[in-house]
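Reading through the structure tokens given below for one structure.
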Amino acid sequence: MDAIFEDFKNAYLNGDGYLLSRTLLPIDPPSQPDRLRAFQRSTNHAAVRNDFKYRILYDNASPIKLPADEGNAWVEIYYFYWKAVGEILSAEAGTKTKGKWSTVYETWKELMNQLIRGYNNCNFEAWTVPCLYVSGKYLRVFAIKADEENLNNPDASTNYGDDMNTEAEKNEKLEDAARVLNRVFQLCLSDRAPLEESRKWGIYNIINLLFKTYFKLNSISLSKNILNAIQAYRGDMPSLEAFPTAHQVTFKYYVGVICFLEENYVEAEKHLTEAWKLCYQKSTRNKELILTYLIPCHLLTTHTLPTRALLEPYPRLQQLFLPLSRCIKTGDLQGFDAALVAGEDEFVKRRIYLTLERGRDIALRNLLRRVFVAGGFEEPKDTNTAPLRRTRVPVAEFGAAISIGSKETMENDEVECLLANMIYKNLMKGYIARERGIVVLSKGGAFPGTNV
Amino acid sequence: MYSHAPWAQQPPPIPPAPGTAGSYSPYQGTTTPPQHFASACTDMSITAPAYHTVQVRQSFNQAPMAYAPYVHQQPPPPPATSPEEPKKKMTWPEPVRDYVRRSFDPNNLYADVDRSDMEKKLKQTISTATDNHTIDTIDWASLPLPQQMIRTERTRLSWQRESVNMHLNGNGHNDLSTSKKRKSQDIRGGDDENSSSTSTPPWRNTNSRNGLEDRVSFQSPAKDRFEKHQQPFQEDKASKFQKNLEKRQRRFDGGYKSTYKQSPSPEPTSGPVVGTCQVLEKKYFRLTSAPIPSQVRPESILRQTLELLKKKWKKEGNYSYICDQFKSMRQDLTVQRIKNDFTITVYEIHARIALEKGDLGEYNQCQTQLRALYAQIPGGNPVEFKAYRILYFIHTSNRTALNDMLADLTTAEKEAQAIKHALDVRSALALGNYHRFFRLYLDVPNMGAYLMDMFVVRERLAALSNMCRAYKPDVSLRFITEELGFESDADAAQFIYDYNGQTLLEEREEGIRVLTGKAGATFEAAKAAAFKKVDIKGQI
């Protein structure tokens, strides 16, 4: 108990929010491997509130004097922390059999409620917001654990609906946690204190937690509400650049992915690129995550593929993207399809399958371009002008190229359909003259952006 | 000893400001202080931290609240200190005092607006005015009262609120019905979700029980009885007070949970209902409370109902009747938690009928259930319905769901004919291969054509835009008919005509030509419009 309240005092003396937040960690710090157990044993149910009150409020030797309401709010917070620690220790020890993580979750939620109350009613200052980060982070963790536990023993929760709602029951606690986090978000957003001492400085951390939760809940659309809310408050908010870089990177990453999933690849690329640039150099895992979405983005927006050097440090990304890249470069359609099938599970898991699938267009473009280049040049009319490529290509030639490798030949109509797509998407310039069975390609840049 | 007076151990939520402690001494040790002081002080304590509430409240809890109902509405004195800077003395101008007085006037109070919320709003209003130095310029006489502001805010918020329950409950505050506690709790629930200014108090959480609070529970029966005894004599306003009182009590004695437990409002039953109803047909009615067994049909009856409905559907084909009956069947299955092959059959048949009638809303509900059911129990026709599900998501352009769908399918399922067809449809569209898409359209297994019909028009527009850009100078109408899966040249021509393409049709010796080279952006706008809105909840 002493260790924790020693930290508490120091944090208060120095206004060190992060130190303060560490007193609410539900895990042992590496330096004190037995801190939680010691804390849990240092008092008992009968004495706990008085003990804490004494340390926080009535300790004459203490250099800090808290106002009574603020102090009492902390007593309550630590009281629930103490209870939660007890539950966590017993849950981890596995002494109880049923619903142990649910209890942990509910107790931890009480702690959060007390914290929120502290901000609303007891004048907690803004420097203490890291406590919200820590408690919010673990609220989510405990909710997930509680849901996992409930998965095995679904009890008869009341359901007056017409149909069973299996999805919601599966994530009951996590959805509840999302609601609590949303309150914390509102708590930060609506703080009217001047910016220097505003809780708004905690907002992006909480938003990131919310995004993370919504992604897990598969209700990504809810993230939109958050984005709209901060958009509405943007006049009163510090600009994103002023926040800690860690908050910025995560936020931009999530916004990028949200845009990505909405097929807004231009926006997605913007946000992901910013996240990429700001990301801590040694944080390989985060950079890998960013690239997972940035690479497919690039493929669609600029039709470019990642270089080997870029992928060098990320073996997993190499595995994901290299086979596809190779096929796209060489215009190997069959190889591309095979690679897509081979990686399907991974791609689907990361929600990039539907985007990567569109890379086939680029593969096809590269194949058609090869046909065009292989067609050579027109007979020069006179020696002075630069040689012109043969711009009238029979549909059958393209058809042959597309059919190479696959056992069956594609009908001409379908080949034309693919060509029409290329033209429509502006990957190829020209037109199809159906009656004559030829494609007339543009003399200046038949395949835009590829130097031919 | 602890269990006798748990509130004595608990810190008062709003203790006095430091440095003012001396002023409470007159009340120390008093067992029954003047009640109007107690309530007024408690209620105002947030606004005016200088009020001394600690001892008062403690004794208040020990003492019976006999006189309470008649005095609580005393207008509290205006706050004597600025809420922001408790040390600085300042006197409020008369208009502000009057405003505060009016705010707490019993005639102006709203039962659905919490006193604490009101105080917070009031404090906010006044402190903003002080900070902005507008305290003298604001027309306090015409400024809406804090409770009015809160109401306006709530009304605005309620648009976004998903649940209508809050509304329903919020309006019935006048009757002292048995479910009063539920109501007040629901109102708070609404607040908690939507406004940052309320915090969720510990008692909201009915699940977290611990030894300590269990031990104090014996306190509440007495209180409960007392309240019930009091109720008949109380006026409307007194009930509001009662509510406040209860709320405050919960806040302090931690006995809320036990009070709640004993409340006569419908308790969550421990298991599913077992129905006893023997009538085959039943009109659908949305449940708002726990189901009554005598109105729920057991499975044996439901099986007969299904047979009856199948016959009726064949004979009469009255969709609104059938849909209603199926909904009530589904409801009966749900409340009894019946999950077996029969459940699957009910949902499958309803899904097919809805599909046939193009009732996508009902169909979607059924398929969502079917998905969960297939995952849990064997039986039914998962391949058929998973294929529909893919087509449905193609129709609604729901990429996220499609992705999840792909994640859920096993390799064997991907090879199954109907699912393979649906996946091929998806990939053909993703790659813009309209040639293949319309081949697939002409050969759909099961009832998939009903779903494909819903998006075939927009895909035709897309393909047509595409062809108009790519083909020059023209193509034969026959080609369009074949490529876009029309039944006849006439249908194709009609389609072009419908989308303002009449000038593009030209009759020549060799047949009708479509002047694709001249089409320009004829179909682009229609295409964009067709893709823009997908009527998901297209119920009939």
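Keep in mind that what you see is a predicted model, and the values were worked out from it rather than measured. Worth knowing before you read on, the calculation uses all heavy atoms, side chains too, and leaves out hydrogens, waters and symmetry mates. Per chain, numbering begins at 1; letters A, B, ... match sequence-line order.
With rounding to the nearest 0.5 Å, the separation of CG in B:N403 from CG in A:L261 is 8.0 Å. For the atom pair CG of B:N433 and CD of A:E414, the computed distance is 4.5 Å after rounding to the nearest 0.5 Å. For the atom pair A:N218 CG and B:D404 CG, the distance stands at 4.5 Å (nearest 0.5 Å). The distance from the CD atom of A:E357 to the CZ atom of B:R426 is 4.0 Å, given to the nearest 0.5 Å. Here the CZ-CD1 distance, from B:R469 to A:I423, works out to 10.0 Å after rounding to the nearest 0.5 Å.
For the options B:P473, B:A430, B:G432, B:A407, heavy-atom pairs under 4.5 Å to chain A are most numerous at B:G432. Heavy-atom pairs under 4.5 Å with chain A were tallied for B:S465, B:A375, B:S328, B:A463; the largest tally goes to B:S465. Residue with the most contacts toward chain B among A:V184, A:L189, A:L364, A:L354: A:L354 (heavy-atom pairs, distance under 4.5 Å). With respect to chain B, the highest number of heavy-atom pairs below 4.5 Å among A:K425, A:E435, A:K349, A:M112 belongs to A:E435. Listed options A:D345, A:D413, A:V439 were ranked by heavy-atom pairs under 4.5 angstrom with chain B; first place goes to A:D413.
Ion pairing of A:E344 with B:K414 is present here, as a side-chain N (NZ or NE/NH1/NH2) and a carboxylate O approach within less than 4.0 Å.
Listed in order of number, the residues of residues 415-422 of chain A that approach chain B to under 4.5 Å between heavy atoms are A:E416, A:C417, A:L418, A:A420, A:N421.
Both the backbone and the side chain of B:S427 come within contact range of chain A, each with at least one heavy atom under 4.5 Å from a heavy atom of that chain. Heavy atoms of A:K65 lying under 4.5 Å from chain B are absent altogether. With a 4.5 angstrom heavy-atom cutoff, B:R439 does not touch chain A via any of its atoms. Looking at B:T516, neither its backbone nor its side chain comes within 4.5 Å of chain A, counting heavy atoms on both sides.
For the pair B:L406/A:F347, no side-chain contact is recorded, criterion being any heavy-atom separation below 4.5 Å from C-beta on.
Nearest heavy-atom pair, A:F260 versus B:R399, reported as atom, atom and distance to 0.1 Å: O-NH2, 4.4 Å.
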Original post:
Going through the distances and angles, do A:R434 and B:D474 end up as a salt bridge (Lys or Arg N to Asp or Glu O under 4.0 Å)?
Top reply: CA-CA 8 Å; A:R434 184 172 156 77; B:D474 52 35; over 6 Å; no
